[in-house]
Amino acid sequence: MAWYSSLILCVSFILACTIFSKCDASEDNPKLHIVYMGSLPNTSYSPTSHHLSMLQQVFDENDATNSLIHSYKRSFNGFAAMLTNQQKEKLSQMEGVVSVFPNRKLQLHTTRSWDFLGLVKSVKRSRAKESDVVVGVLDTGIWPESDSFKDKGFGPIPKHWKGACSGGYNFTCNKKIIGARYYTEDKTARDAGGHGTHTASTAAGNYVPSASFYGLAQGTARGGVPLARIAAYKVCDETECSSSAIMSAFDDAIADGVNFISLSLGGSFQNPFDEDTLAIGSFHAMAKGILTVNSAGNSGPSPTSVSSVAPWMFTIAASTIDRKFIDKVVLGNGKTLTGISINSFSLNGTKALIAKKNGGSGSTTCPEQDPNACNCLDSSLVKGKIILCDETGSVDYPSGNPIGSIIHDPTKGSPAFVTPLPSLMLPSIQYQQLKSYTNSTKIPKAEILKSEIIKDISAPKVADFSSRGPNTIVPEIMKPDITGPGVDILASFSPVAPPSSITYDKRSTKYNIISGTSMSCPHITGIAAYLKSFYWDWSPAAIKSALMTSAKPLKGSKNDVGEYAYGSGHVNPISAVHPGLVYDISVDDYIQMLCNLGYDNEKVKVISGKSNACSKATHRSLVRNLNYPALAIAVNSTTSFTIKFKRTVTNVGLAKSIYKVAVTPNPKIKITVVPNTLSFKSLHEKKSFVVTVTGGKLPLQTVTSSLTWSDGIHHVRSPIVVDIL
Ligand SMILES: *[C@@H]1O[C@H](CO)[C@@H](O)[C@H](O)[C@H]1NC(C)=O
Ligand SMILES: *[C@@H]1O[C@H](CO)[C@@H](O)[C@H](O)[C@H]1NC(C)=O
Ligand SMILES: *[C@@H]1O[C@H](CO)[C@@H](O)[C@H](O)[C@H]1NC(C)=O
Ligand SMILES: *[C@@H]1O[C@H](CO)[C@@H](O)[C@H](O)[C@H]1NC(C)=O
Ligand SMILES: *[C@@H]1O[C@H](CO)[C@@H](O)[C@H](O)[C@H]1NC(C)=O
């Protein structure tokens with residue numbers, strides 16, 4: 001029923017077609033492809049004419065110009081074009097071409113949340129620097145008239161900004177939204193779906209007092225960095241995003257001068273970096289000092305469901321906050337049952353009839369229907385009544401015209417959704433009680449009440465839908481990296497989009513409550529930007545390290561490897577501002593990791609612009625020495641093992657300080673850290689250490705631990721995860 005849970009399988013169709021070459025020549029219709037050519041050459045060079053001349057070599061007549069959809073030429077080199085498989089094959093062989101990807105369809109994946117994180121309204125801000133930060137949001141566009149984006153009190157546009165306001169018809173920027181571009185067919189950066197307005201306002205929206213969803217979740221809506229600027233890049237329509245559009249947006253955003261890229265979308269598979277356009281785009285961003293923050297995905301809780309796996313991306317899981325939406329239904333017999341929903345409607349004290357069946361035998365419109373299903377409703381049975389749905393799924397409201405709905409939700413831990421009419425979801429026991437009541441009486445009736453808010457003392461907990469690790473592409477890189485609020489988040493919305501994302505819902509609203517890693521991602525973007533306002537020169541890796549090493553691990557669900565759900569833990573912005581030590585990573589370090597992974601010189605050159613980058617000795621086993629703020633490895637369970645990780649920390653705390661290490665014991669493994677004390681004499685001094693993890697034959701089970709450097713003030717924690725090959 002939620003947009004985020006429907007995974008569209010275009011990707012697998014395209015892949016099946018190329019891997020098995022089942023597409024015979026008669027079906028070789030031109031399809032959109034991305035021809036990726038790596039970094040821009042240093043010399044004077046005209047990318048577009050080069051792209052056209054390449055296309056002319058594979059097209060018979062003058063079709064080359066028509067086939068070229070877009071040239072990437074500002075931050076990296078390449079183009080998008082309509083190509084047949086034959087043309088694609090020829091182009092792949094041409095000099096300078098790194099890879100040719102079929103265009104993929106990717107999925108889009110408050111107020112209380114900031115207080116919950118401790119980033120209260122009165123928090124110390126570095127006002128001048130914060131207003132220099134530009135957050136680039138690649139999403140469904142933005143609603144420029146939203147209160148979250150008014151520019152009252154904003155100073156001049158930051159000097160480093162080189163972008164443009166190209167939002168299309170009737171789209172004006174201001175000193176808050178300083179840039180807008182679109183890559184979609186509707187030719188406007190205006191947001192018709194609401195998702196982009198929600199994510200942008202969560203990251204960097206203004207303070208807006210008295211925001212609520214029909215009185216629910218009332219409070220001050222605000223982003224993590226309310227003083228920062230926003231640049232909107234519309235790469236998605238209401239439901240889908242295309243990878244060629246995302247490449248264009250990366251190309252522009254990097255050249256425009258954004259400081260962060262917030263990317264609340266993704267695919268559904270783990271792909272090698274050289275086949276992952278998000279990984280490629282974000283590599284170029286990282287090389288220019290721009291951190292890309294990416295949602296982990298909403299395909300959890302199954303293992304390996306996280307699709308964002310590159311180490312230079314910041315991959316964000318979603319967890320609950322202490323505010324929970326519940327809803328009650330009062331039955332004709334006086335009994336009250338409690339479920340969940342975000343139901344803004346009231347039946348005003350009147351009980352409505354409950355439909356005993358929705359279709360099935362005796363029904364003219366839905367005779368084949370299971371009488372307890374809701375995907376086909378017979379209006380003669382349900383009009384003006386409350387329907388009961390035995391299963392979650394799409395509900396056929398328009399044909400049935402019911403007055404309300406009660407839906408059985410056997411899964412625990414699903415978030416509450418905005419409903420298009422009085423509606424709630426009941427867990428199994430309560431739903432059975434409702435069914436026996438309707439069975440036991442001739443004229444069953446009920447009143448569905450408006451939602452209430454309760455305090456959820458179990459928060460924060462990782463949401464079931466949040467995509468999980470491990471990372472199968474590079475097991476040494478723990479993914480996801482961190483978790484933040486992503487359940488039932490209030491933020492600004494597009495007034496032309498239905499708040500329940502069901503078109504039957506004709507309401508127009510300035511704020512909406514949505515769940516997803518799409519919502520946790522901009523929280524972390526906002527916090528990363530908050531950090532940058534204090535440490536303008538920090539690398540993307542240093543900012544990421546500060547957030548990860550200060551995060552707090554959560555209680556995982558049973559039998560789960562917690563780290564695969566929440567990474568380093570729940571974000572803690574106040575501690576992150578004073579991390580003590582950071583694990584920094586340079587562009588060269590990432591390049592060396594690619595070499596160690598087995599990428600050849602040519603591939604690495606076109607990604608990074610460096611010639612003969614892999615001249616140093618490379619070895620697969622060195623990948624684990626990437627200076628990541630988490631330690632992960634996959635070992636062979638049939639043999640004992642000794643694994644050494646090398647790490648280097650940079651002192652960003654007190655000039656003179658002594659850090660001692662502590663390790664969380666785990667009886668299955670032995671961990672030693674040498675040296676176990678680090679004495680710093682100055683700021684930015686670096687110290688290295690080696691972590692040795694030894695173990696016997698492990699049963700088929702992941703083992704976790706952690707190490708923490710502490711000077712008594714700062715606690716710099718890294719999880720250690722040993723997985724089984
Ligand atoms: C490209 O130009 C920059 C500065 O203009 C220079 O430092 C760099 O070495 C050049 N790279 C190549 C591969 O020629
Ligand atoms: C521009 O868009 C806004 C918001 O939809 C609308 O209120 C306004 O009338 C539009 N103006 C024009 C000239 O179309
Ligand atoms: C309940 O009252 C509100 C406010 O008067 C009204 O808007 C709404 O339509 C009423 N609901 C029903 C089901 O009558
Ligand atoms: C309701 O009645 C139907 C038909 O008599 C029966 O199959 C079902 O088990 C009953 N459900 C409950 C919860 O009593
Ligand atoms: C694990 O080690 C054993 C013994 O050396 C070897 O036969 C097996 O192939 C290894 N398994 C993996 C997954 O590497």
Side-chain angles (χ1 to χ4, degrees), residues 139-152 165-174 176-177 179-182 184-198 200-201 205-206 208 212-216 218 230 232 234 237-238 327-332 336 341-355 377 379 382-388 395 397-398 400-406 418-424 443-452 491-500 502-512:
D139 210 300
T140 61
I142 197 162
W143 193 263
E145 290 81 13
S146 162
D147 291 340
S148 293
F149 312 128
K150 297 237 177 318
D151 68 352
K152 190 164 170 275
C165 185
S166 308
Y169 172 72
N170 191 18
F171 191 106
T172 42
C173 295
N174 58 18
K176 177 75 188 184
I177 300 179
R181 298 179 188 276
Y182 58 82
T184 46
E185 276 168 17
D186 56 4
K187 303 206 181 318
T188 171
R190 194 172 279 281
D191 178 13
H195 191 271
T197 301
H198 202 277
S201 63
N206 298 332
V208 186
S212 77
F213 180 69
Y214 296 97
L216 293 170
Q218 181 120 22
I230 294 167
K234 182 167 175 177
D237 61 20
E238 287 94 288
D327 200 21
K328 289 178 182 160
V329 54
V330 184
L331 307 183
T336 299
S341 81
I342 302 167
N343 167 31
S344 67
F345 304 96
S346 166
L347 292 176
N348 302 328
T350 57
K351 291 200 168 54
L353 289 173
I354 299 176
L377 295 178
S379 113
V382 307
K383 189 173 178 201
K385 297 182 187 163
I386 293 171
I387 51 167
L388 307 187
V395 180
Y397 293 116
N401 264 309
I403 197 173
S405 61
I406 302 177
V418 168
T419 62
L421 72 188
S423 177
L424 77 159
I443 310 173
K445 286 183 160 191
E447 183 190 2
I448 298 171
L449 307 182
K450 187 175 174 174
S451 292
E452 298 168 40
S492 284
F493 202 64
S494 165
V496 297
S500 58
I502 297 169
T503 48
Y504 172 80
D505 188 353
K506 299 297 179 213
R507 289 174 296 175
S508 166
T509 173
K510 287 164 80 176
Y511 305 95
N512 197 11

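What's counted below: heavy atoms across the whole structure, side chains too, no hydrogens, waters or symmetry copies. Note that ligands are numbered from 1 as they come in the structure, with each ligand's atoms numbered from 1 the same way. In this text the structure is predicted, and so the values were computed from the model without any measurement.
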Part of P422 with heavy atoms under 4.0 Å of ligand 3, whether side chain, backbone, both or neither: neither
[atom]: protein heavy atom closer than 4.0 Å?
atom	result
atom 5 (O) of ligand 3	no
atom 2 (O) of ligand 3	yes
atom 12 (C) of ligand 3	yes

Sub-4.0 Å atoms of ligand 2 with respect to non-hydrogen atoms of Y169: 12 (C), 13 (C), 14 (O)
Numbered atoms and elements of ligand 2 in range of N170, under 4.0 angstrom, heavy atoms: 1 (C), 2 (O), 3 (C), 8 (C), 10 (C), 11 (N), 12 (C), 14 (O)
Is there a side-chain contact between [X] and [Y], using heavy atoms and a 4.5 Å cut-off?
X	Y	value
D147	Y511	yes
L353	I443	yes
N343	S423	no
R190	V496	no

Crowding at NZ, K445 (>12 non-hydrogen neighbours, <6.0 Å): no
Shortest protein contact, atom 9 (O) of ligand 3 (heavy atom only): N348 ND2, 4.8 Å
Ionic contact status for K510 with E145, cut-off 4.0 Å: no
Under-4.0 Å heavy-atom contact with ligand 2, by part of W143 that carries it: side chain
Under 4.0 Å to a heavy atom of S346 - the qualifying atoms of ligand 3, by number: 1 (C), 11 (N), 12 (C), 13 (C)
T350 and N348: side chain donor to acceptor below 3.5 Å: no
